[in-house]
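Contents: one structure, followed by commentary.
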Amino acid sequence: LRSTMVGIGFSEIITYSFISPESADTLGADSQSELRAFTPLMNPLTVDQSVLRTSLLPGLMTTVRTNRLHDEKDLRLFEWGKTFHHREEERQPLEKNCLAAVMTGRAQPKQWYNTERVVDFYDMKGSVEALLKGIDIENLRFERGNAFPGYDPELSCGIYGSGIHIGQVGAASSQMRAAYDLKEAPVFLFELNIQRLMSVMGQEKQFRPLPKFPAVYRDISLVVDRQVESGSIVALIREEGGDLLESVHIFDIYEGSQIGDSEKAIAFRISYRSAHETLDGEFVNQLHDRIIRKICQETEGRLRER
């Protein structure tokens, strides 16, 4: 995991395990949250270091603030470390291995051949995908709908592998950015629970022979409600396509005057391939039409007219 994180442009940091109990308020954790299950130190050096951390996020955010005060604004940082959660019946806290990361600043500086661009949600989500696909997490998906302490509820999602919640990714909440004097800076975070991650991680890599037969490509451009997530459509395509569906990619998303205000158009490129024979064009067309009907039925969408 560390090697992959470094390979995709992040730098590893180590922060203090001792933090302030006010960190839970900074994250916006509710009264029953495990983020408030602090283990107090018997002889703390300061009030700001009087309990063991229950999250890696405060250390990451403090590091971002310190770097920005020294005019270092383009940051990709991660930490592998333990969090500590107090248990009433035990003297020692429950220790959890976690991986967390933060990204802020520019995705690319201004050059003569390109324009400057600030990092966004998809830069961080792409980093998570690269990390988890590298260790063979099966059935990886990102799902909105849950509120996570410290994250903007409108721009965050849970990370799931084989149906198990293994972490979250998204933009830092305005409350947390304000607490760390980062109001003007877009900040993106992710966290992974290592114990859960290991339960869904692939145990071995298997070689798959190079394809002997040609692929057949088809495109779909659909108009759906903006609340319909593209991931759910991809899942429908994979389910209906079965073993003949080699890959599916989104290559265009449109929201504008040519469709309704509450709609969006998504274009997919699908690759069909058989491991045993060359696919017949008419057979592929029938399968493709069946996929389109299934999507329109499930999403109440329609094909986009060109």
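- In this pair, His165 and Tyr160 present their aromatic rings tilted. The plane angle is within the 30 to 60° band.
- Following chains of ILVMFWY side-chain contacts shorter than 4.5 Å, one cannot reach Tyr16 starting from Leu41, and the two form parts of different hydrophobic clusters.
- Put simply, the side chain of Leu132 reaches to within 4.5 Å of the side chain of Leu197, judged on heavy atoms.
- Note that CD1 of Ile194 and CE of Met201 are 9.0 Å apart. Values are rounded to the nearest 0.5 Å.
- Residue Gln111 qualifies as enclosed at atom CD: its count of foreign heavy atoms under 6.0 Å is above 12.
- Under a 4.0 Å N-O distance rule, the pair Arg36/Asp25 qualifies as a salt bridge.
- By the 4.0 Å N-to-carboxylate-O rule, Asp71 lies close enough to Lys73 to be salt-bridged with it.
- Val187 and Tyr122 fall into different hydrophobic clusters, where Ile, Leu, Val, Met, Phe, Trp and Tyr are joined by side-chain heavy atoms under 4.5 Å apart, directly or via other members.
- Enclosure of atom CG in Asp30 by more than 12 non-hydrogen atoms of other residues, nucleotides or ligands within 6.0 angstrom is indicated.
- Panel note: side chain Thr26, backbone Glu22; a donor-acceptor pair is recorded below 3.5 Å.
- Rounding to the nearest 0.5 Å gives a distance of 6.0 Å between CD of Glu240 and NZ of Lys294.
- Using a 4.0 Å cut-off between charged nitrogen and carboxylate oxygen, Glu191 and Lys96 do not count as a salt-bridge pair.
- Residues Asn97 and Gln195 are not in side-chain contact: their nearest non-hydrogen atoms beyond the backbone lie 4.5 Å or more apart.
- More than 12 heavy atoms of other residues, nucleotides or ligands shown are found within 6.0 angstrom of CD on Glu89.
- Sparse packing is recorded around CG of Asp243, with 12 or fewer heavy atoms of other residues, nucleotides or ligands lying under 6.0 Å away.
- Atom OG of residue Ser232 and atom CZ of residue Arg141 lie 11.0 Å apart, to the nearest 0.5 angstrom.
- In this structure, the side chains of His288 and Tyr272 come closer than 4.5 Å at one or more pairs of heavy atoms.
- Side-chain contact between Arg218 and Leu287 is absent, with no heavy-atom pair separated by less than 4.5 Å.
- Between the side chain of Arg106 and the main chain of Val118, no donor-acceptor pair closer than 3.5 Å is present.
- The closest donor-acceptor contact from the side chain of Arg87 to the backbone of Gln92 lies under 3.5 Å.
- The environment of CZ in Phe213 is crowded: more than 12 heavy-atom neighbours from other residues, nucleotides or ligands sit within 6.0 Å.
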Test side chain to side chain contact (heavy atoms under 4.5 Å, CB included) applied to Phe78 and Leu1, step by step:
CA-CA 11 Å; Phe78 78 95; Leu1 288 171; over 6 Å; no
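- Side-chain atoms of Arg53 come within 3.5 Å of backbone atoms of Lys82 as a donor-acceptor pair (strictly under, hydrogens ignored).
- Linking Ile, Leu, Val, Met, Phe, Trp and Tyr residues whenever their side-chain heavy atoms come within less than 4.5 Å leaves Phe121 and Met61 in two separate clusters.
- Once rounded to the nearest 0.5 Å, the distance linking CE of Met5 with CG of Leu77 reads 9.5 Å.
- Taking every heavy atom of both residues into account, Pro21 and Val51 meet most closely at N-CG2, 3.8 Å.
- Residues Phe84 and Thr54 have side chains not in contact (no heavy-atom distance under 4.5 Å, counting atoms from C-beta outward).
- Screening Leu222, Asp219, Asp252, Ile291 for a side-chain contact (heavy atoms from CB on, under 4.5 Å) with Phe268, the sole residue that qualifies is Leu222.
- For Asp289 (side chain) and Gln286 (main-chain N/O), no donor-acceptor pair under 3.5 Å exists by modelled atom type.
- The environment of Glu90 atom CD is dense: over 12 non-hydrogen atoms of other residues, nucleotides or ligands sit within 6.0 angstrom.
- Checking side-chain atoms of Arg226 against main-chain N and O of Asp261 turns up a donor-acceptor pair under 3.5 Å.
- Within a 6.0 Å sphere centred on CD1 of Ile14, heavy atoms belonging to other residues, nucleotides or ligands number 12 at most.
- With hydrogens and angles ignored, the 3.5 Å screen pairs no side-chain donor or acceptor of Asp74 with any backbone N or O of Gly105.
- Proximity of a side-chain donor or acceptor of Thr104 to a complementary backbone N or O of Pro186 within less than 3.5 Å is detected.
- Distance OG/Ser199 to CD1/Ile164: 4.0 Å, rounded to 0.5 Å.
- In terms of heavy-atom proximity, Arg177 sits nearest to Glu184 at NH1-N, 4.4 Å.
- Ile270 and Tyr217 fall into different hydrophobic clusters, where Ile, Leu, Val, Met, Phe, Trp and Tyr are joined by side-chain heavy atoms under 4.5 Å apart, directly or via other members.
- Between Val169 and Cys157, some side-chain heavy-atom pair lies under the 4.5 Å cut-off.
- Residues Ile253 and Val228 share a single hydrophobic cluster, defined by chaining ILVMFWY side chains whose heavy atoms lie under 4.5 Å apart.
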With side chain to side chain contact (heavy atoms under 4.5 Å, CB included) as the criterion, how do Arg68 and Asp181 come out once you've worked through the C-alpha distance, each side chain's angles and the decisive distance to 0.1 Å?
CA-CA 10 Å; Arg68 290 186 68 86; Asp181 300 322; over 6 Å; no
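- A 4.5 Å side-chain heavy-atom check between Phe10 and Met103 finds at least one atom pair inside the cut-off.
- Nearest heavy atom pair, residue Arg302 against residue Cys296, reads CA-SG, 4.1 Å.
- Taking all atoms of both residues into account, the shortest heavy-atom contact from Pro44 to Gln49 is CB-O, 3.7 Å.
- No more than 12 heavy-atom neighbours from other residues, nucleotides or ligands sit within 6.0 angstrom of CD on Gln32.
- Under a 3.5 Å cut-off, the side chain of Glu79 and the backbone N or O of Gly59 do not form any donor-acceptor pair.
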